[in-house]
Amino acid sequence: MDKQKQLPFYLYTGQIISSPPNTAIIGVIGEGVVLPCHVVADNIPEVFSVQWIFHEQSQKITVSRYDGKQKKEEQDERYQGRTEFFHNEFRAGNMSLHLKNVRSSDKGSYTCVVSFNDTYHDVLIELHVAAKGGVPSIFLRSHMKQGIGLTCHAAGWFPKPEVIWLDGQGQVRKELSTTKMTVMPAGLYSVVTSMNLNPGSDKEVSCRIVNNLLNTTSESRVLISDIFFPSISKWLIIFLVVLCLSMVLISTIFSKLRSSHKKTVSSVKVKMEMEEEKKQLKSVLEGDKAKNRAAKSKLKKRFGRLKAELDSWEAWSHAVPITVNPDCRVLELRVPGAPDVESNAPEPAGLNAPSAVPVLVGKEGFAAGKHYWEVEVGQQQDWVLGVVREKGRQEEEGTLPGEDYWALHRSQGEIFSSKGDRRIEKQQMSYSAIGVFLDLEEGQVSFYEAEQMAVMVRMPVKLGKEPAEMFYPFLSKREGTLTPLIRPVSIPVPLKLL
């Protein structure tokens, strides 16, 4: 039995000796704590009683009571199985109570009442409870023109903790932050705090959670990479400077040419020399423009790669687990080249011929938000996968309504999209996994080559107003051949932890 270091309370006949002022007992939530109570007397009879009373606002609850005459111990329902006396130490005057599995609701005042020889003695004890939660986690919330947003989350703290953002030198950051604390079902606090990191500021960020009652802290630290703070290319600055100087120089040359035209025939030679100088200057300027055009093109490609990477993180951050229903269903798809389930023809159907395709539909449906999952197709030559919309899920097997679907289909080494029957690529494909990103906020479905996160096609989604409208993932099911499989999404860590 765990005994904490606490100042004991002693009861003397006719007087009470208690702890110094402002002394309180602290219990850690989920662990045990001893509420001390000791009686000092020449002789403690066998017939005595001791009870512990909890003061809850205007009510008094008997937490636990021991009757020495009947050798019987009673507990309140709220404390059933959580209290225990030190029976072997009663004759030594130890009337303390061991309270197990401390809860946030146990906080308050307790009275120890001991009765024997027609007299009773009592003492008041104050119990504070606390809990140290988990290590905080720092997330990249969004990328903005004026910097990036960071969010820190921690749960399982009590009482309300203090939240501090620090820089690389351990100093409190000057950026403004917003903090929100919510109460969890167990009475503990969940903390979410956010801040914006501006360009040029210290890129080392720490999120510290402090429990002042337990005098403990928990901290996480990250280092933001320079790639999240794209800067203007020095070649663009050089181009602007050269352009301004060239404009000034050209203006000066034209002014000299205008004045030299009024001079005598002897000035013609000077004018011809200036024209030659002008041609040379234009040649130099054209060369500089070509170099700066190449620099601008390189800068645009860099911004394009950065945008593609941010789009990939956006999709990955909304990854969801998908479980398919093992019962095969038939979906009427107008998919180019899809072989009919009832046809034995080896050749694919026409570009716009509707086909009945056996599919496996996901158990989970989505009505709002953003969701991403990946399908492993391997080297299969024929498959169909995508998203279908249903206005009321049917439990029995049968044919699903096929007019509302967004699909990607591979047939005979070519990939088609279901909207517009557009070929994605005519040559032999080598994709092994396809990523699907359903964005019901922007109203679109995007298909990715999952290994490189390259966008294959985007399709618009017109959202209806029916409350029962749901979107379900689906993938083709072929008898006697390999079937595409939902695979777990592996998300790399975007930030470098110290």
Side-chain angles (χ1 to χ4, degrees), residues 139-140 143 227 304-325 331 333 335-338 357 359-366 369-388 405-420 422-461 471-478 481-495:
F139 302 95
L140 174 64
H143 186 275
I227 193 173
R305 290 193 301 267
L306 180 59
K307 185 178 184 302
E309 183 177 354
L310 292 176
D311 289 342
S312 300
W313 284 114
E314 172 67 9
W316 278 330
S317 65
H318 296 284
V320 294
I322 299 297
T323 304
V324 297
N325 195 321
L331 185 62
L333 299 177
V335 177
V357 179
V359 296
L360 299 176
V361 181
K363 294 181 179 180
E364 300 86 359
F366 309 107
K370 301 179 181 181
H371 313 277
Y372 176 81
W373 63 92
E374 293 181 357
V375 181
E376 186 172 357
V377 297
Q379 300 300 323
Q380 301 176 55
Q381 295 297 316
D382 296 276
W383 45 258
V384 178
L385 58 89
V387 180
V388 62
Y405 63 87
W406 295 261
L408 204 63
H409 170 58
R410 182 174 184 179
S411 177
Q412 303 300 320
E414 294 185 343
I415 292 184
F416 306 84
S417 65
S418 61
K419 299 301 181 182
R422 181 161 62 92
R423 285 178 171 84
I424 305 303
E425 190 170 329
K426 294 183 179 180
Q427 63 184 7
Q428 187 73 16
M429 309 300 293
S430 60
Y431 300 145
S432 61
I434 303 297
V436 185
F437 185 36
L438 174 61
D439 188 350
L440 296 179
E441 296 179 5
E442 298 294 336
Q444 66 179 4
V445 177
S446 302
F447 293 88
Y448 292 82
E449 193 284 305
E451 301 301 332
Q452 301 296 328
M453 283 307 289
V455 178
M456 301 173 65
V457 65
R458 298 185 191 273
M459 303 181 189
V461 177
F471 294 80
Y472 294 87
F474 74 87
L475 61 154
S476 58
K477 169 72 175 178
R478 299 293 303 277
T481 62
L482 295 177
T483 298
L485 300 174
I486 299 292
R487 75 173 190 179
V489 180
S490 178
I491 306 175
V493 179
L495 302 178

Atom pair CZ/CD1 of Arg487 and Ile434 - distance to nearest 0.5 Å: 9.5 Å
Any Val461 side-chain heavy atom under 4.5 Å of Phe471 side chain: yes
Under 3.5 Å: donor-acceptor pair, side chain of Glu364, backbone of Thr323: yes
Sidechain-backbone polar pair: Trp406 side chain, Ser446 backbone, donor-acceptor under 3.5 Å: no
Leu475 side chain near Ile486 side chain, heavy-atom distance below 4.5 Å: yes
Asp382 CG to His409 NE2 distance, which is reported to the nearest 0.5 Å: 6.0 Å
Minimum heavy-atom distance Met456-Ile415, with the two atoms named: CE-CD1, 3.8 Å
side-chain contact (heavy atoms from CB on, under 4.5 Å) involving Glu441 - partner list, sequence neighbours excluded: Lys370, Asp439
Distance in Å, Phe474 CZ paired with Leu385 CG, rounded so as to fall on 0.5 Å steps: 7.0 Å
Closest heavy-atom pair and its distance - Tyr448, Val455: CE2-CG2, 3.4 Å
Pairwise distance CG(Leu440) to CZ(Phe366) - rounded to 0.5 angstrom: 9.0 Å
Closest heavy-atom pair and its distance - Tyr372, Ala315: CB-O, 3.2 Å
Step-by-step side-chain contact (heavy atoms from CB on, under 4.5 Å) determination, Val384 to Val359: CA-CA 8 Å; Val384 178; Val359 296; 5.6 Å; no
Nearest atoms (heavy-atom pairs only) where Ala433 meets Val377: N-CG2, 4.2 Å
Side chain Ser476, main chain Trp383, donor-acceptor under 3.5 Å: no
Rounded distance [0.5 Å steps], CD1 in Ile322 versus CG in Leu360: 13.0 Å
Closest approach of Glu314 to His318 (non-hydrogen atoms, all atoms of both residues): O-CD2, 2.9 Å
Any Tyr405 side-chain heavy atom under 4.5 Å of Val387 side chain: no
Inter-residue atom distance Tyr472.OH - Lys363.NZ, 0.5 Å rounding: 13.0 Å
Shortest non-hydrogen contact from Glu374 toward Gly435: CG-CA, 4.1 Å
